[in-house]
Novice: 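My questions will all concern the structure given below.
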Amino acid sequence: SSGINAEYGVWGESMRFIEAIWVTTFGLFSMMILGLISFEQYSRFVRQQQLKTHQVAVLLSGIYFLAFFFGISPLVGWCEYGPEGYGVSNSLMWHNLNDNNASYIICAMIIGYFFPLVIIMFCYRAIY
């Protein structure tokens with residue numbers, strides 16, 4: 001026996017959940033950061049104002065909080081993580097759309113994807 005459980009991989013089930021938290025958190029974080037960057041560019045080039053350091057710090061703190069909130073929410077019962085694809089990693093339970101999972105996915109998509117996307121499109125449309 002090789003000592004590797006085929007169902008959970010080398011690191012075990014707990015590491016798969018940690019990986020799922022990291023992927024969810026930093027996936028949402030990266031999209032929100034792109035929205036912040038486009039807003040900063042809009043402020044600089046269209047409004048001719050540069051964001052102050054404390055304003056950026058507050059916005060970054062809010063983005064970190066939101067991304068982390070959505071990353072750990074499945075651990076406290078709002079949605080859930082489960083095996084993805086061939087069971088190599090964990091992700092959100094996209095295929096099990098009960099009310100709990102659906103409400104999380106809708107909120108995460110609106111706040112973490114569509115809202116930043118609208119900001120990005122508005123800002124870059126105004127710049128160009």
Novice: Any chance you could measure Cys123, atom SG, to Ile37, atom CD1, to the nearest 0.5 Å?
Specialist: 11.5 Å
Novice: Are Val58 and Phe69 connected, step by step, through hydrophobic side chains (Ile, Leu, Val, Met, Phe, Trp, Tyr) whose heavy atoms are closer than 4.5 Å?
Specialist: no
Novice: Check the hydrophobic clustering (I, L, V, M, F, W, Y; side-chain heavy atoms under 4.5 Å; chains of links allowed) and say if Ile72 and Val23 are grouped together.
Specialist: no
Novice: Taking the side chain as every heavy atom from C-beta outward, state whether Leu60 and Ile33 have any atom pair closer than 4.5 Å.
Specialist: yes
Novice: Do the two ring centres, one from Phe122 and one from Tyr42, sit under 6.0 Å apart?
Specialist: yes
Novice: Look at the side chain of Ser30 and the backbone N and O of Gly27, then say whether any donor-acceptor pair between them is shorter than 3.5 Å.
Specialist: yes
Novice: Check the hydrophobic clustering (I, L, V, M, F, W, Y; side-chain heavy atoms under 4.5 Å; chains of links allowed) and say if Met93 and Leu28 are grouped together.
Specialist: no
Novice: Any heavy-atom pair between the side chains of Asn101 and Leu92 that's under 4.5 Å?
Specialist: no
Novice: Distance check, rounded to the nearest 0.5 Å: Leu66 atom CG versus Thr25 atom OG1?
Specialist: 11.0 Å
Novice: Compare all side-chain heavy atoms of Gln50 with those of Lys52 and state whether any distance is below 4.5 angstrom.
Specialist: no
Novice: Could you name each residue pair satisfying salt bridge (charged side-chain N to carboxylate O under 4.0 Å, His left out) that touches residues 20-48, not counting sequence neighbours?
Specialist: Glu40-Arg44
Novice: Apply the side-chain contact (heavy atoms from CB on, under 4.5 Å) test between Tyr113 and each candidate in Leu117, Ile111, Ile110; give the one that qualifies.
Specialist: Leu117
Novice: To the nearest 0.5 Å, tell me how far Leu36 CG sits from Ser38 OG.
Specialist: 8.0 Å
Novice: Any side-chain heavy-atom pair from Trp78 and Phe70 closer than 4.5 angstrom?
Specialist: yes
Novice: Less than 4.5 Å apart, any side-chain heavy atom of Thr24 and any of Tyr81?
Specialist: yes
Novice: How far does CZ of Phe68 sit from CZ of Phe26, to the nearest 0.5 angstrom?
Specialist: 9.5 Å
Novice: Counting neighbours of CG on Asn98 that are heavy atoms of other residues, nucleotides or ligands and sit closer than 6.0 Å, is the number greater than 12?
Specialist: yes
Novice: Using a 3.5 Å distance criterion without hydrogens, assess whether the side chain of Asn90 forms a donor-acceptor pair with backbone atoms of Glu19.
Specialist: no
Novice: OH of Tyr124: more than 12 outside heavy atoms within 6.0 angstrom?
Specialist: yes
